[in-house]
Amino acid sequence: DIWARSSISTFLLQWLVQLVATERRLPVMAVGAVGKRVFDRRRLSQRTRILSGIACVLALLACRSCEEAPARLLLSVQTAFAGHTAAPSSASRGGVRVARAAKGFGSPVGSLPATVEVAAPKGGWPMLSIIVMGTDSKSVGAAALKQLGEQDYPLDKIKEIVVEGGDASALPSSWKGVVRDFSTKDADDVDLTKEFGACSGTVLAFWGDDHVSPSHRLKTQVLAAAEGSASLLQQTWFYDPADSDWSKVTYWPTKDFQSFLDSVNSSKPVGYAELMVTTDPMTLCAPKALLVDASQRVKFRGSPVEEIKVLYDHIAESKPRLLGDKELSWAAVRAPPSATVFEAAKPEGALRKLAELVCPKGTGGKERLDSVLTQIKDTKMTPAKAVDSLLHEALKKPLSDFEIKRVRKALAERLAELKDKESGPAVNDAIKELLSWEGLVRGKGNQQMARNFGLFWAAFVELRKYTTESADFWDMSSVGFVAEGLVRLGQRMWGTDERVNEAMTQLILQELNQKGDEELEEGELASKRKSGDYFGALSLKSVLESMAYAALDIPVEKYPVNGLCSLAWALAEGNVVNQGVQMKVARGIIAEVNRMQPADVGKIFVAMEEKRWFKDQNTVAYLTESLMSRVRTLKKEDAGIAQMVAERQAEASEEVAKAQAAKTSR
């Protein structure tokens, strides 16, 4: 159960390897008034393409005017637009036949011809309730609602469509009578038990916001669930709208999961491994009675995807129908799970066309994010100003992998334009903006902050990367201040509220899987997997090691003592041991000890006494003597410091006395 709820959920947050698929020589079939001829796609002239396209349109119109039009002809027309020949299907297969789609919510996306009609089950189509949610929250994008509005399920058979806010302004006008808000509209989380009970349809269907779905999806799933079980869609195609890239999964680790179940003597029903590993929870469609019964036997906690997966244990007993690519061709708008084997490939033309209309190339579906990134670029914002602008956004849903990649790219472009001498202070200012983010404050990590964490993470990762690559060009002050800033940022990130911490954990796991075990430096993987080691989990130790070597290479001169103290404290906190840097820092501090302020003294005391960072005993002795001399001077200069020292000495004496008294009593 633990494996199912964590690792499998994590599969949905994995990496996408960018591969450019070579164009295949696929035949194009053009059918129409000019007859029938097979062309090689690469040899078609522009004029021939136009003429054959017109012929195909005429053929399509002719077929639509004849009820007995051969199914093979319609498929040929569709294939001509698609760019390759599809395997012809029978006129009737599993309740699905090729024909003109029945009128439902609206017209197909982008006026694409609806060529698949699903025959109604015995007794007609049941009353349907639809719950629209994102993978991490109630919020969904406009693309998801637009696709739902173009489903061909009969509108008079829709009891309700549950959408956050109940706002139907972006939906077809025919929706107004059936759209309502969640029952728990004031809560950030979704109480599925209450939502199931509040629905009045006999069948319930989930609708996610990262799918590309054909107009007959709801009918297909409801028909599959008509016998009292559930239906879910298996994942095959994954689409990246940023670059218009496609990936096809060719292997799912179902056998590995089944082996795990066998090793723990699990009594899960047959097909449970395939259900858990290959399906998308946000495509669940099932009778209301089944879902209500299952929800009353579990306790929900987590994101919508995780909560739905909790139901799988009980849904599996009813032997749900898992619909593969042959039954329904659809796509997930995200990266394929890293545990799978996948390849660069393209689906049949109708799905490709639909994806390009729903998620145009170069977009991630967030208009406001597009505006902010454009503003960052056009106004040439400083990195700090760019981070500030990003953190003040109020996202309606968490960023996808692709959107995080876009944010990183925008920030990387701003960092790349910095000159070497100004880059250190600029990075330090940007880190200060991250440290001031409200989502890091205990008690303020609400659902909105959790949704916004992707913006914070994108900035953190890009600044971390830039620091590793550029620290060699910085002066000692910049190296020290940035090192301290990163460590303090890591400490605050690790102490965030539960919601924000869960969002961070998902992204850390995603990054771990993106990098791959074979690319991790020796000892780094073990360090990352220790949840209490935030330096390893946040990949900060390797950054600090790079900064230590950068400091070691800085020419010998008088360094600002505050930068040296910051560097010593940061390296000590990260347990980065470099004797050359230790000696260099110690000599610099002793030479400029009269410039040390109380905060500097405190940092060196932590590094020297608590962390035992300085290893050479002579160095420790000289530092101790210098620090004591400076403390005496500070006490004379500032009465407040003298009082603080006296109070601390009194507390220490009291603690010693109590310890001696306890020892005597024993």
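Here, residue 1 is the first one in the sequence, and each next residue gets the next number. Quantities reported herein were computed from a predicted structural model and do not represent experimental measurements.
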So, taking the atom named [atom1] in [X] and the one named [atom2] in [Y], what distance separates them when rounded to the nearest 0.5 Å?
| X | Y | atom1 | atom2 | answer |
| --- | --- | --- | --- | --- |
| Ser215 | Gln151 | OG | CD | 6.5 Å |
| Arg352 | Lys346 | CZ | NZ | 5.5 Å |
| Leu354 | Glu348 | CG | CD | 9.5 Å |
| Asp240 | Ser247 | CG | OG | 8.0 Å |
| Trp330 | Gln147 | CH2 | CD | 11.0 Å |
| Thr236 | Leu328 | OG1 | CG | 10.0 Å |

Within a strict 4.5 Å, meaning less than it, do heavy atoms of the [X] and [Y] side chains meet?
| X | Y | result |
| --- | --- | --- |
| Ile308 | Leu192 | yes |
| Leu275 | Leu232 | yes |
| Val407 | Leu455 | yes |
| Phe342 | Lys248 | no |
| Glu403 | Leu369 | yes |
| Arg406 | Asp370 | yes |
| Val333 | Ser400 | no |
| Glu164 | Val140 | no |

| said: Surrounding NZ of Lys157 (heavy atoms of other residues, nucleotides or ligands, distance under 6.0 Å), is the total greater than 12? | reply: yes
| query | Just wondering, are more than 12 heavy atoms of other shown residues or ligands nearer than 6.0 Å to CZ in Arg180? | reply |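 More than 12 within 6.0 Å, yes.
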List the atom of [X], the atom of [Y], and the distance in Å for their closest heavy-atom pair.
| X | Y | result |
| --- | --- | --- |
| Pro253 | Val277 | CD-CG1, 3.8 Å |
| Trp125 | Leu223 | CZ3-N, 4.1 Å |
| Pro126 | Tyr153 | O-OH, 2.6 Å |
| Ala450 | Val500 | N-CG2, 4.1 Å |
| Leu395 | Arg451 | O-NE, 3.2 Å |
| Tyr272 | Leu261 | CD2-CD1, 3.8 Å |

Going by an N to O cut-off under 4.0 Å, is there a salt bridge joining [X] and [Y]?
| X | Y | result |
| --- | --- | --- |
| Arg297 | Asp313 | no |
| Asp152 | Arg217 | no |
| Lys146 | Glu150 | yes |

Strictly distance-based, threshold 3.5 Å: is any side-chain N or O of [X] a donor or acceptor partner for the main-chain N or O of [Y]?
| X | Y | result |
| --- | --- | --- |
| Thr340 | Tyr251 | no |
| Thr254 | Ala273 | no |
| Ser183 | Glu195 | no |
| Gln296 | Asp293 | no |
| Ser295 | Thr193 | no |

| query | Does the pair Asp280 and Lys309 meet the rule for a salt bridge (charged side-chain N to carboxylate O under 4.0 Å, His left out), with working shown? | reply | CA-CA 9 Å; Asp280 186 326; Lys309 282 206 166 186; over 6 Å; no
| message | Could you walk me through whether Phe238 and Trp246 satisfy the ring pair (Phe, Tyr, Trp, His ring centres under 6.0 Å) test, starting with their C-alpha distance in whole Å, then the side-chain angles of each, then the deciding distance to 0.1 Å, before giving a yes or no? | response | CA-CA 6 Å; Phe238 293 84; Trp246 287 90; 9.7 Å; no
| request: Go through the steps for Asp181 and Val162 under the test side chain to side chain contact (heavy atoms under 4.5 Å, CB included), then give the verdict. | output: CA-CA 5 Å; Asp181 201 349; Val162 183; 5.9 Å; no
Expected list for residues 196-209: side-chain donor-acceptor pairs under 3.5 angstrom, two or more places apart:
from   : atom 1 : to     : atom 2 : distance (Å)
Ser200 : OG     : Glu160 : OE1    : 3.4
Ser200 : OG     : Glu160 : OE2    : 3.2
Thr202 : OG1    : Met127 : O      : 3.2
Trp207 : NE1    : Ala144 : O      : 3.1
Asp209 : OD2    : Lys397 : NZ     : 3.1

Does the side chain of [X] come under 3.5 Å of the side chain of [Y] through a donor N or O and an acceptor N or O?
| X | Y | answer |
| --- | --- | --- |
| Asp245 | Tyr239 | no |
| Glu274 | Gln234 | yes |
| Arg334 | Gln235 | yes |

| query | Going through the checks in order, is the side chain to side chain contact (heavy atoms under 4.5 Å, CB included) test met by Ile158 and Ile130? | reply | CA-CA 8 Å; Ile158 301 293; Ile130 305 170; 4.0 Å; yes
| request: Kindly indicate, with the supporting measurements, whether the criterion side chain to side chain contact (heavy atoms under 4.5 Å, CB included) is fulfilled by Ile161 and Leu148. | output: CA-CA 10 Å; Ile161 300 170; Leu148 179 57; 4.0 Å; yes
| request: Walk me through it: do Met449 and Arg499 pass the test side chain to side chain contact (heavy atoms under 4.5 Å, CB included)? | output: CA-CA 8 Å; Met449 294 296 107; Arg499 293 180 186 276; over 6 Å; no
